Visitor: 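Questions regarding the structure given below will be posed in turn.
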Amino acid sequence: MRIAELSTPELRQGQADSQSHSQSHQHLLSQIESSIKQTENLSPDQLPPDTISADLRRFSTQLSQLAPFPNSLKLLIWKLSYRLWNACVDLSNASSLRSLPPSKAEDHAKLRHVASDLLFIASDVSGVPSPAIKSASFYLKTGLIWHDLRSFDLASLCFERATDIVSKIDIDKLSDAGGRKLLLDLNIARSKTAWEIRDRNLAIALLNRAKGLLFGTSDHHKALANQYLAFGKTALAKSEESQDLNDALKLMNEALDLYEKGLREARTRQETVDLKDLRSKTLRFISALHLQKNEFESVIKCVRVLREECESGDHHPSLSVLAMKAWLGLGKYGEAEKELRGMVVNKGIPEGVWVSAVEAYFQAAGTAGAETAKGVFLGLLGRCHVSASSAVRVAHRVIGDVSEGSRVRAKVVAELVSDNRVVALFNGEGAAKQRTAMHAVLWNCGAEHFRSKDYETSAEMFEKAMLYIPFDIESRILRAKGFRVLCLCHLGLSKLDQAHEYINEAEKLDPNIASAFLKFKIYLQKKDQNGAIDQIQAMATCLDFTPDFLSLAAHEAVACRAVAVAVASLSNLLNFYAPGKSMPATEVVVLRTLVTILTQEPGNELEALKFVKRVHDRASELGSDCFFGTGEVGRRERNWFAVTTWNLGTKTGKEKNYELCGKFLRLASEFYGLLADGQAEENMVCKSLILSVSAIIASENQRKTTLSESEVKQALELLDRAGKILKSILPGTQLNGDQLTTTGPDLYFIYTICAYDIHGRLNDSGSQLKLVQKFTSSKAYNPKHLLQIGISASQGPQTNHEVATFALNECLSAFLSSSSPDYQNVALIVRRLIGVTSIHKGDTDDEAVYGMYKQAYRVMVGLKDSEYPTEEGKWLAMTAWNRASLAVRLGQTDVARKWMDVGLQLAKHVPGMDTYRACMEDFINDFEKRFCAPNDGEKKKDSARSII
């Protein structure tokens, strides 16, 4: 934190007075100020030059020789000192973001030291509150920096100078809390430096002197007690003689006393809690000291105090260990046993501490310890000889053969061989042969139980066998093998977490493909598909990896119904295929398996498409026979992919996923093309090509987008290929798919309407008309199909009136020439023809439209009521009548009369128009009265006959 610069009226007055000082003062102060300005102007990336601190040191020494100074000059020196200090603070803050070399860090400390000396030279300045405290704080902070740099002599110099300054202050009159804390910190800092230079007497004397500077605050007690405790811990860690232990005990007792006094001064709950924690920590160290000095009664007393000082008791793990060791030292094994059992129950005690306590307990208790731990070690242990060979013989005899009761015997042997005293018999190079024999006995027992699927017993025996494997480099592979069989046992028990732990340990010792594959099986059984997929990648990095493991992993994943894992495994397997390389299966078989797996569940069609594309690409790259195989095997592979892609195409089409449908059907055409064995395959190629274009168009409508130019050209190419094949199969026989049946005529219609659509996008109206005319003249012609083409041509963005007129007229002729005409379609065609003719010919050829109405009238004459659709008849009558309205307004009486007569005659043949017909007749009579000339009577009579 920067120290704020002074800005007071006295300071400004001091600057004015400083101008009247001697020339030497001014010259010296200007040199100091110049050096300070250099320091202030340094950027954060620059380090202070070495000469600045040397110059400032020389100038400050010369200045000190010119003392005493007037108050104005003191204020100026005071300001310069603060400027230099603040510049050091800025440089230090900037340098804290990067590591400084030791020499540069010392330059910072030297600059701070000069700033402290300048403030000391100014001494007591009038108008500045507590100048001595400020000067001493500069020296204290500088000394702490020197202490951190391990320049203890300079640190001591700063602390002593600060001590001299504050020694002139009356402590009783000191009311500032910061000043009081300064006095305490100064003594503690001096003590730490004295301790570092091995002047322990001075260090402890300074701490004792600091007891008079606590001023009744808990923080002061805590700070001083912490230093006593730190000295005590250092003395305990370096204790080599009993005197060192005594010194450490004295220091910790002082800390304990100060913590207790601080508790009495505490004002907040947090202060009380912190001091109690530190008091408990100190008591534990004191207990350890007493234990090291074999003062067991004192240890018990400390533990009791710690447990009684709070309601729940102190549950620190070390207390039970300290108490147990103290009771053991006193020979009270019953009490030690209670502590040991309490440690077992206490879950907060680390395993290492508990094991250490057990070892200490058995080491101290001996035979009494074995008696206490009955049920764990009694029985066989009491009958065992102390030699390793005897232990091997007993274990082998007790285990016997795998028969009735062998599980119980195995558990007894497990208790025997896991005893620390038995294991200790096999330590050392001299017992290597017996250790190997014991390992073989236990391993074979575990293997027998594993084969009988008693995984729990086999796991226990394998675990005990590992006690007899040395922890050396030569035995790492054997230990890893032990962890792997333990993993297998726990997999058999469905204890997946334990199995995972064991295989992790095996990988640390011997990272091979067996461990990696077992970990993969664990992820599968945990249903962690992401973990299993990641493990597949890890398997490939093993030195002893072979692609067979990926195939095996896929089988495991399929068995666990993990489709994503199986796909990932086989996808990785594909990366290893290269010409001439031996693989567990051919590439086409792997791809066929992938597609089969993906199609077993819905929603995987996109992923399946990726692999089907790969099949086509690889077949094109390597050659069909090389990739699929030759002969019957190759033909079956080709046929499988052809049928599968066709089925996927029809399936996605029924699901209205037209984009995927088009891609699958196009690939199906390629696969069927590879077969090319006969007419049936050609038919399927044609069918796939046409339906793929149909799906492309349907996808465009579904997505509400427009096909790009390249997509249109691609569709046209597909249709051209299909058109060439159609010439050879029409008139076609029925073409059957697995899920869709499309006859030859139907297929030709789909081809025609798709080709019509694509040519329309290319603005090729002539080709459109030729396509429709060719369809009409073919044996695949069907009026209903042609009607769809006509309707499509008469509406939408790609209308073609020539095609529409031709198609609709052909349909009308076909329907009317039928033995049982479909008048619903006839009416639809008439309406469409009237609309097309009206739009594209309009008023320029009124007779063409009039002719359509006359044709409709002739059709309606002689029909039964409602045989011609009533609504369509009404539409004809009303629209014909309405066409007369414009002629009436324009005074075209002949034209008006023509359309009114048609409308009236049509209305006579439509049921339900009696009222309209009466109105029409009345209007015609009025019209004739107003516009008919005397010699027009004969025309009026013949008007009704003129439309026949």
Side-chain angles (χ1 to χ4, degrees), residues 350-352 354-355 395 399 407 410-411 413-420 422-424 426-427 431-432 434-526 528 531-532 534-546 548-549 552-553 556 560:
E351 181 181 357
W354 185 86
V355 171
I399 287 175
R407 184 175 186 181
K411 289 187 176 295
V413 171
E415 293 174 0
L416 167 65
V417 299
S418 61
D419 180 58
N420 291 335
V422 174
V423 174
F426 295 83
N427 293 336
Q434 290 78 7
R435 186 168 54 245
T436 302
M438 177 61 85
H439 177 269
V441 168
L442 299 175
W443 184 276
N444 292 336
C445 178
E448 290 292 336
H449 284 281
F450 186 87
R451 281 191 286 270
S452 63
K453 297 186 178 181
D454 185 0
Y455 300 121
E456 185 175 354
T457 303
S458 64
E460 187 174 10
M461 298 311 296
F462 284 131
E463 187 174 353
K464 304 311 177 189
M466 293 191 67
L467 296 173
Y468 296 89
I469 303 176
F471 287 87
D472 51 22
I473 295 177
E474 292 79 5
S475 303
R476 288 183 57 161
I477 295 178
L478 186 58
R479 291 189 62 80
K481 183 179 179 181
F483 282 124
R484 285 196 293 272
V485 295
L486 283 170
C487 171
L488 285 171
C489 292
H490 286 85
L491 275 174
L493 294 170
S494 297
K495 295 180 179 179
L496 303 180
D497 291 337
Q498 291 88 331
H500 203 165
E501 292 175 7
Y502 282 122
I503 204 61
N504 283 340
E505 294 299 323
E507 274 197 322
K508 292 176 184 177
L509 295 171
D510 183 23
N512 59 14
I513 187 61
S515 298
F517 187 76
L518 283 175
K519 185 180 285 190
F520 170 79
K521 285 176 64 70
I522 292 170
Y523 283 125
L524 277 181
Q525 293 194 24
K526 282 185 173 182
D528 183 1
D534 292 340
Q535 189 59 27
I536 290 172
Q537 303 295 334
M539 287 166 58
T541 62
C542 295
L543 296 177
D544 55 344
F545 167 80
T546 61
D548 300 77
F549 281 95
L552 185 59
E556 292 284 345
C560 293

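Just so it is clear, the structure is predicted and the values come from calculations on it, not from any experiment. Computed over heavy atoms, backbone and side chain alike; hydrogens, waters and symmetry mates excluded.
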Visitor: Taking salt bridge (charged side-chain N to carboxylate O under 4.0 Å, His left out) as the definition, give me every residue that meets it alongside Glu456, ordered by chain and number, with sequence neighbours left out.
Guide: Arg407
Visitor: Restricting to salt bridge (charged side-chain N to carboxylate O under 4.0 Å, His left out), what partner residues turn up for Arg479, sequence neighbours left out?
Guide: none
Visitor: Give, for atom SG of Cys487 and atom CD of Glu505, the distance between the pair rounded to the nearest 0.5 Å.
Guide: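 So the gap between those two atoms works out to 12.0 Å.
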Visitor: Between Tyr455 and Cys489, which heavy-atom pair has the shortest distance, and what is it?
Guide: CB-O, 3.6 Å
Visitor: Can you tell if the side chain of Leu509 reaches within under 4.5 Å of the side chain of Phe483, non-hydrogen atoms only?
Guide: yes
Visitor: With a 4.5 Å cut-off on side-chain heavy atoms, are Leu486 and Met466 touching?
Guide: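 The answer is yes; the side chains approach within 4.5 Å.
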Visitor: More than 12 heavy atoms of other residues, nucleotides or ligands under 6.0 Å from CD1 of Ile477: yes or no?
Guide: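 Check fails, neighbour count at 12 or below.
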Visitor: What side-chain donor-acceptor pairs closer than 3.5 Å can you find for residues 439-447, not counting sequence neighbours?
Guide:
residue	atom	partner	partner atom	Å
Asn444	ND2	Ala440	O	3.1

Visitor: Run Leu491 and Leu496 through side-chain contact (heavy atoms from CB on, under 4.5 Å) and show every step you take.
Guide: CA-CA 6 Å; Leu491 275 174; Leu496 303 180; 3.8 Å; yes
Visitor: Classify the angle between the aromatic ring planes of Tyr502 and His490 as parallel (below 30°), tilted (30 to 60°) or perpendicular (above 60°).
Guide: tilted
Visitor: About how many Å separate CG of Leu478 and CZ of Arg476, when rounded to the nearest 0.5 Å?
Guide: 13.0 Å
Visitor: Please report the interatomic distance CG(Leu488) to CG(Leu493), rounded to the nearest 0.5 Å.
Guide: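 So the CG of Leu488 and the CG of Leu493 are separated by 11.0 Å.
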Visitor: Mind checking side chain to side chain donor-acceptor pair (under 3.5 Å) for Gln537 and listing every partner two or more places apart, or none if nothing turns up?
Guide: Asn572
Visitor: For Ser475, what residues pass the side chain to side chain donor-acceptor pair (under 3.5 Å) criterion, not counting sequence neighbours?
Guide: Asp472
Visitor: May I ask you to test the Tyr468-Val423 pair for a side-chain heavy-atom distance under 4.5 Å?
Guide: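 Answer yes - side chains close enough.
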Visitor: Side chain to side chain contact (heavy atoms under 4.5 Å, CB included) with Thr546: which residues, sequence neighbours excluded?
Guide: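 For Thr546, the residues satisfying side chain to side chain contact (heavy atoms under 4.5 Å, CB included) (neighbours in sequence not counted) are Asp548, Phe549.
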Visitor: Checking Glu460 now: which residues fulfil side chain to side chain donor-acceptor pair (under 3.5 Å) with it, not counting sequence neighbours?
Guide: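 Scan of Glu460 (side chain to side chain donor-acceptor pair (under 3.5 Å), adjacent residues dropped) gives Lys411.
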Visitor: Name each donor-acceptor pair under 3.5 Å that joins a side chain in residues 510-526 to protein atoms two or more places apart or in another chain, with its distance.
Guide:
residue	atom	partner	partner atom	Å
Asp510	OD2	Asn512	ND2	3.2
Asn512	OD1	Ala514	N	3.4
Asn512	OD1	Ser515	N	3.0
Asn512	OD1	Ser515	OG	3.1
Ser515	OG	Arg484	NH1	3.4
Lys519	NZ	Asn504	OD1	2.9
Lys519	NZ	Glu507	OE1	2.5
Lys521	NZ	Glu556	OE1	3.3
Lys526	NZ	Asp497	OD1	3.3
Lys526	NZ	His500	ND1	3.2

